[in-house]
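Accompanying notes for the structure given below.
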Number of protein chains: 2
Amino acid sequence: MPSIRDVAAAAGVSYQTVSRVLNDSPRVRPDTRAAVRAAIETLGFHPNRAARALGLGRAPGITVVTSNTMLYGYASTLQGIEEAARTEGMAVGVRVVESDSPAEIKQTVDYVNDPSAGGLVVIAFDPAGTAVLEALPADIPAIAATEPVAPDTGRVTIALDERGAAADATEHLLALGHRTVHHVAIPSEGRSSGRQAGWRDALSRAGAEIPEVVASGWDIRAAYLAGQRLAGDPDVTAVLCGNDDIAQGVRRALYDAGRDVPGDVSIVGFDDIPGSAFWIPALTTVRMDFVGLGRACFLAAVAELTGQPRPETELTPPRLIVRESTAPPRHG
Amino acid sequence: MPSIRDVAAAAGVSYQTVSRVLNDSPRVRPDTRAAVRAAIETLGFHPNRAARALGLGRAPGITVVTSNTMLYGYASTLQGIEEAARTEGMAVGVRVVESDSPAEIKQTVDYVNDPSAGGLVVIAFDPAGTAVLEALPADIPAIAATEPVAPDTGRVTIALDERGAAADATEHLLALGHRTVHHVAIPSEGRSSGRQAGWRDALSRAGAEIPEVVASGWDIRAAYLAGQRLAGDPDVTAVLCGNDDIAQGVRRALYDAGRDVPGDVSIVGFDDIPGSAFWIPALTTVRMDFVGLGRACFLAAVAELTGQPRPETELTPPRLIVRESTAPPRHG
DNA sequence: CTGGTGATAGATACCGCTATGTACCGGACA
DNA sequence: TGTCCGGTACATAGCGGTATCTATCACCAG
């Protein structure tokens, strides 16, 4: 592997000049710059990222801290970050923190508290991510992708505003004639999280009864169990699910209990995972632009890392997609 | 951030001795070692990964090259790698290569051809991954997670043997009384790939007609289109789908054409994605241990990186899970 | 003609660690 | 008692860059 000294020799300059060219310093004469560029090209030189990180004090890359890489919201956010990083030629690392146990938080913080981790994007949709955020030393550049109402950690925070869309979904159900809407929550969901708050907003605006929230795990099996409880209650005619996986478990539980969707019960999901349009019935759900969220976080993290002002980015807001899983209740 | 010199000063030794302790060199007296360890602990010292990579010549981490991070097989493999890396305290990076266009392959190779990328695991389920493998300089340590019959690149290759399970799935359908089994292929699938080869194996063993393979894209919409073609053909009574997403598209197309599953048509998927057990009908599919594959690749990559002999790892073989989407043909 | 000035580019120091050569110690041996 | 030796720790020399100080040169004004 050629180093900048090889390039310098080939171009007939000192290696510091090569460094200047690499970093777009203005203090290089155009013809010198061209000569160096040519030498770089012919030698196939690429700067060593480790050396660069050492010299710079911090790596010009991003590491993503997340509690999960498979769930749709997390994975899509990661994808958005990766895409944005790749177009900038930046490295991206991944570190998952499965729980908010003190030991694991400490390990994670130790891991990312290393100059070669570069800038951080913490996907803080849940307690594990939030705990990392809180435990992070203040001097390490980090951006949080969060729930809209995440606890204030003094960090730059970017969130998708799902509250309005959750209210829209609930109102859609109410408008169809349902007396109220039940809610099955995902584990990351706090009482005042966007999804739950929007649901409450709509219900109280309509003067509808606010049923107790049914908690579920991430696992579809857990959602199935939650669905069974709901299926047993004939008053349940509309369910807003914390995400599309939950909706899938609930829907199957309803089916097994002999309750038709949307004939007997309407269901709405959250996220718009790729398959939801192909379900039978196709799922009414809220489309979330996680990829855009990831992109925005990346941009903000780079700004944080380089000390530039935070860029303004537009996020496309969550939006209700009405499909086949919602209908008027049977007894109007 | 304390450096090894700080630790050395605190422990009353030279910093080289601290380095020895960090690298478990035997040439350190036990009490010296203990003193250094204590100093490390009290100072909260953590070695700088960038400096380490520079000194070592190669970073002690893994970067995963993949064409996708969202599709189940890819994402699960990545998850397996990440989990294994994390238990070893190793860094993992991600680099996606979307296509096998020469420009993109070159960019990707340049990116990973850097000491700080560490060891490589290339997820080579498709042409993009395979192209990277072929373009990779021989001296860079890499392991390939592949289709069983990937072209020989002279690299260590680890694969899940899906051929047998694909044959099992096909035989299951044949045993139910279907005259033959149609196949909808995913883009990564070559004519001689495990899934397709197993399907052919079973069909020819049974002396059944081998229908033309129906190609689909990764997108469920593409699978829906493929499904529409199949739905129009009354001779189609059993379909082996390249993966569960394909199965979802095909199933919906069948539904829209008024053909019942499994009454009129039986379908089998591949992968056993989390939701498939909750579909209506629950999907008969082949369970793949991608996480195990990822773990094995990680272990092999570390061995490659450190020059140790390649560890023997057992992969749990793909296995058919029979659920509700398969049944005897109506006029069985 | 001389000193000042801006534009370039070279020289030096350093980032934090690994690897290897060298010096020192005490004990075993002749 | 002198010598050799294994065991241990220190000294030195990089790894490949960045940052900054300094030197050189051409050009201009006084």
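Numbered from 1 within each chain, the chains take letters A, B, ... in sequence-line order. Computed from a predicted model, the values in this text were never measured in an experiment.
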Within this structure, what is the CG-to-P distance between A:Leu54 and D:dT18, rounded to whole angstrom?
11 Å

With the threshold set at 4.0 Å, does a side-chain nitrogen-carboxylate oxygen contact exist between B:Arg37 and B:Asp24?
yes

From CA spacing to verdict: side chain to side chain donor-acceptor pair (under 3.5 Å), A:Thr69, B:Gln79
CA-CA 7 Å; A:Thr69 58; B:Gln79 189 195 2; 5.3 Å; no

Hey, what are the protein-to-nucleotides 19-26 of chain D N/O distances that come in under 3.5 Å?
{"residue": "D:dT20", "atom": "O4", "partner": "A:Arg20", "partner atom": "NH2", "Å": "3.3"}

Which residues share a salt bridge (charged side-chain N to carboxylate O under 4.0 Å, His left out) with B:Arg5, sequence neighbours left out
none

DNA chain D nearest-nucleotide lookup for B:Thr17 and A:Phe45: closer to the 5′ end is B:Thr17

Assign each of A:Arg5 and A:Val13 to its nearest nucleotide of DNA chain C by heavy atoms, then name whichever residue's nucleotide is nearer the 5' end.
A:Val13

Describe the nucleic acid contact of B:Pro47 in one word from base, sugar-phosphate, nothing, applying a heavy-atom distance below 4.0 Å.
sugar-phosphate

I'd like to check A:Glu83 versus A:Val291 (side-chain heavy atoms, cut-off strictly below 4.5 Å). Are they in contact?
yes

Start and end of chain A contact along DNA chain C [non-hydrogen atoms, under 4.0 Å]
C:dT8 to C:dG16

Considering all heavy atoms, the nearest B:Val18-B:Ile4 contact
CG1-CG2, 3.7 Å

What are the two closest non-hydrogen atoms of B:Ala296 and B:Leu315, and how far apart are they?
CB-CD2, 3.8 Å

For residues A:Thr146 and A:Ala159, report the shortest heavy-atom separation together with the two atoms involved.
O-CB, 3.2 Å

Looking at B:Leu305 and B:Gly119, what are the two nearest heavy atoms and their distance?
CD1-N, 3.6 Å

Mark yes or no for whether A:Glu304, through its side chain, and A:Pro141, through its backbone, hold a donor-acceptor pair below 3.5 Å.
no

Side-chain (A:Arg33) to main-chain (A:Ser25) donor-acceptor, under 3.5 angstrom:
yes

Sequence neighbours excluded, which residues qualify as salt bridge (charged side-chain N to carboxylate O under 4.0 Å, His left out) partners of A:Glu82?
A:Arg86

Would you work out how much the helix from C:dC1-D:dG30 to C:dA30-D:dT1 bends between its ends, with each end axis defined by five base pairs, to 10 degrees?
60°

B:Asp114 side chain to A:Arg49 main-chain N or O, any donor-acceptor pair under 3.5 Å?
yes

For the backbone of A:Ser99 and the side chain of A:Glu104, can you confirm whether one donor and one acceptor N or O come within less than 3.5 Å of each other?
yes

What residues from residues 25-41 of chain A pass a heavy-atom cutoff of under 4.0 Å to DNA chain D?
none

In whole angstroms, the gap separating C1' of D:dC15 from CG of B:Asp114 amounts to 13 Å

